[in-house]
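Quick notes on the structure that follows.
As a basis for the values below, the full set of heavy atoms in this structure was taken, side chains included, without hydrogen atoms, waters or symmetry mates. Counting starts at 1 for both ligands and their atoms, in listed order.
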Amino acid sequence: MAARINYSVQNTLCLLNPLNYSVNAKTTHFKTGLHFSKNLIFPRKLKRPTFCTCSISNNDRQSSEAAETFVLTTPLYYVNAPPHMGSAYTTIAADAIARFQRLLGKKVIFITGTDEHGEKIAAAAAAAGSTPSQHCDVISQAYKTLWKDLEISHDKFIRTTDPKHEGIVKEFYSRVLDKGDIYRADYEGLYCVNCEEYKDEKELLDNNCCPMHLKPCIERKEDNYFFALSKYQKQLEENLTQNPNFVQPPFRLNEVQSWIKSGLKDFSISRASVDWGIPVPNDNKQTIYVWFDALLGYISALSAEKEQPDLQTAVSSGWPASLHLIGKDILRFHAVYWPAMLMSAGLDLPKKVFGHGFLTKDGMKMGKSLGNTLEPNELVHNFGSDAVRYFFLREVEFGSDGDYSEERFINIVNAHLANTIGNLLNRTLGLLKKNCQSTLVVNSAVAAEGNALKDAVEKLVEKARIHYENLSLSSACEAVLEIGNAGNAYMDENAPWTRFKQGGAASEAAAKDLVVILEAVRIVAIALSPSGTKWGGLKGGQVMAQPKPVFARIENKTEVEDEAATRKPVKSKEKKPQAQVAAEAAESLISRSSNPTNDEAHLGVHLQEHCRGFPGAMPMATCRLNWLAAASGSHLRGRRWKGYYHRLRVKCYEQQPFTPSLEDVNSL
Ligand code: MSP
């Protein structure tokens with residue numbers, strides 16, 4: 001890893017993470033200034049966020065309680081492999097939105113979870129030498145652990161293997177059956193196991209390869225149960241006409257409209273060849289199709305912990321969802337299939353579906369199937385959750401794709417968090433300590449009378465709030481950062497350090513300026529809290545904390561070493577990430593080996609040696625290796641290696657970060 005961080009930044013400022021802030025009323029630390037109440041600063045009726053006001057045609061039964069509740073979901077993640085940065089991305093964005101909604105005073109139900117049935121999961125478990133159920137326990141736990149490390153504030157975590165969920169799926173299936181929307185038929189087509197979907201030949205690449213997973217689809221012929229999607233074509237069209245905000249961002253609406261216009265085909269909702277799933281009611285030779293099962297997780301998650309599984313009780317606990325946050329690849333399931341299923345069952349539609357873009361690596365979607373993933377545990381371990389959360393929200397325009405680069409990560413964290421925000425806070429506290437015994441001379445409301453910085457900050461706060469409501473997360477971050485820039489500019493223009501030296505009235509004005517700047521930083525810290533960002537939170541007489549770095553600069557080791565070695569300008573050396581070094585070493589071992597299968601254990605040891613001392617390098621290297629093996633057509637080797645890697649993960653699942661020892665490797 002070419003970079004290191006000097007100080008822990010976690011939990012120091014609560015940017016985009018305000019509810020985690022612990023407020024201790026007795027201390028006189030700066031943090032006490034970050035207190036916020038949940039009262040709104042604007043009349044609730046006038047300024048309801050846009051995504052809470054849109055209505056849908058069949059939501060008459062929506063209870064008034066549900067109208068006050070904001071139900072937000074992430075997709076339920078497949079447990080074929082541990083989470084990667086792509087999965088974490090949706091959850092980080094959802095978390096920021098959930099926190100914002102809570103600060104608006106709403107009751108938020110933030111749902112996430114894991115999608116654990118189907119062929120793909122069964123195959124992953126077999127490759128890992130585990131039973132599906134053991135495998136699901138391990139990987140589902142890996143998701144929970146990552147959400148904890150990233151400080152995700154979800155209220156519900158649903159697993160589709162939870163018995164209460166199974167009961168609700170069966171009940172839903174029976175309702176749709178009673179409606180006359182399920183029938184039995186033969187189907188023949190090309191199936192992508194990774195998408196868990198039959199594909200139209202025209203959307204496939206050469207060799208019938210899935211464009212998303214670059215793997216050939218399999219010809220399948222099955223006798224299945226079908227859902228009469230085509231029956232709902234007109235109703236789906238009407239819904240979109242009446243609720244043009246149903247699909248967001250707006251450009252994705254066109255995509256959905258054109259799918260519907262081109263004619264909807266009924267789809268199969270059971271599998272005869274898959275055991276790992278929920279049995280079809282009245283026909284236990286078939287299991288329910290994984291999507292017809294998983295989408296129901298959004299409803300079953302709502303039921304209380306010890307409640308009897310019952311569709312109606314779950315629905316009355318918060319349905320319909322206010323917002324489904326998903327990646328663009330699963331838009332069809334959420335904006336076409338799911339609404340039609342709900343219509344069939346006589347349930348309300350979700351209010352909004354937002355399809356974000358992909359995190360890419362070298363232009364390719366980062367994913368478990370391609371193996372080109374970024375390890376979130378490693379990023380959090382090295383840079384802290386604040387930096388990781390901030391970077392992805394700020395850097396990727398929410399809705400569009402964004403490519404990850406470590407260089408960009410370091411630059412953004414350094415420039416925005418360390419330089420702009422961290423430095424502003426620190427130099428202000430430094431001056432306060434030197435000249436005012438770390439004590440605020442007056443309330444910030446008084447200090448700011450007629451002050452231009454206050455006006456600028458208030459305008460920027462309003463700007464951030466509007467962006468947040470519109471789910472323009474990057475622009476919201478930008479507006480917050482502008483507050484930091486305005487504070488720095490104010491400091492430079494007014495040069496309080498000079499005025500302190502002048503004494504008398506100049507010194508008094510300088511002391512007030514420090515209060516004004518600290519108030520601006522307080523607001524940045526609370527970021528987008530609509531109550532906490534009201535000017536006037538700092539009280540005169542309050543003793544502030546001693547200055548210390550809050551967001552440390554990330555030093556680039558290569559640069560530091562180069563600079564120390566010679567003062568002459570040198571060309572920056574290309575330093576490969578450790579995971580890549582390890583993977584390349586392992587690759588070369590494979591290519592030299594006459595019997596790669598026998599050498600697998602050897603390979604693991606070799607890889608482990610290269611990764612020693614670099615937490616997280618091992619999983620990255622193994623993923624990369626697996627990807628390379630698959631890409632070079634070496635399926636057997638790739639598959640075996642994947643199994644090996646899985647067994648290692650299963651064995652070491654409690655390790656955080658994942659750093660298997662040589663003994664772990666040897667014991668497999
Ligand atoms: N299990 C289904 C969802 C069922 S919801 C009832 C599924 N799971 S997934 O694990 O494959 O993907 C979950 C989410 O992660 C999707 O929204 C997907 O778009 C997102 N991402 C996976 N890779 C991603 C990136 N590289 N970048 C951004 N998001 C990505 O689909």
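The OG1 atom of Thr114 sits 4.0 Å away from the CZ atom of Phe157 when rounded to the nearest 0.5 Å.
Close approach of ligand 1 to Ala294 is summarised as follows: ligand atoms under 4.0 Å from at least one heavy atom of the residue are 6 (C). For ligand 1, the atoms lying closer than 4.0 Å to a non-hydrogen atom of Leu359 are 25 (C), 26 (N), 27 (N), 28 (C). Within the listing of ligand 1, atoms 1 (N), 2 (C), 4 (C) sit less than 4.0 angstrom from a heavy atom of Asp115. Interface of Lys365 with ligand 1, defined as ligand atoms under 4.0 Å from a residue heavy atom, comprises 22 (C), 23 (N), 24 (C), 26 (N). Close approach to His356 involves these atoms of ligand 1, each under 4.0 Å from a residue heavy atom: 28 (C), 29 (N). Near Gly357, meaning under 4.0 Å from one of its heavy atoms, ligand 1 places the atoms 28 (C). Heavy-atom contacts of Tyr298 reach the following atoms of ligand 1: 5 (S), 6 (C) (cutoff under 4.0 Å). Taking every heavy atom of Gly327 and a limit of under 4.0 angstrom, the matching atoms of ligand 1 come to 17 (O), 19 (O).
Using a 4.0 Å cut-off between charged nitrogen and carboxylate oxygen, Lys199 and Glu201 do not count as a salt-bridge pair. Look at Asp200 and Lys265 and you find a salt bridge, because one of the NZ, NE, NH1 or NH2 atoms lies within 4.0 Å of a carboxylate O, short of that distance.
Below 3.5 Å of separation, one finds no N or O of Phe358 facing any N or O of ligand 1. Close N/O approach between Trp291 and ligand 1 is not found [any backbone or side-chain N/O within under 3.5 Å].
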Steps toward side chain to side chain donor-acceptor pair (under 3.5 Å) verdict (Asp310, Gln312): CA-CA 6 Å; Asp310 171 345; Gln312 199 46 50; over 6 Å; no
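Counting heavy atoms closer than 4.0 Å to ligand 1, residue His84 contributes side-chain atoms (C-beta onward) but none from N, CA, C or O.
Heavy-atom neighbours of Asp275 CG from other residues, nucleotides or ligands within 6.0 Å: at or below the threshold of 12.
Defined by atom type and a distance below 3.5 Å, a donor-acceptor pair is missing between the side-chain atoms of His135 and Asn80.
For the pair Lys328 and Phe358, the cation-pi test (distance below 6.0 Å, angle within 45°) is passed.
Asp95 places a side-chain N or O within 3.5 Å of a backbone atom of Ser153 that can act as its donor or acceptor partner.
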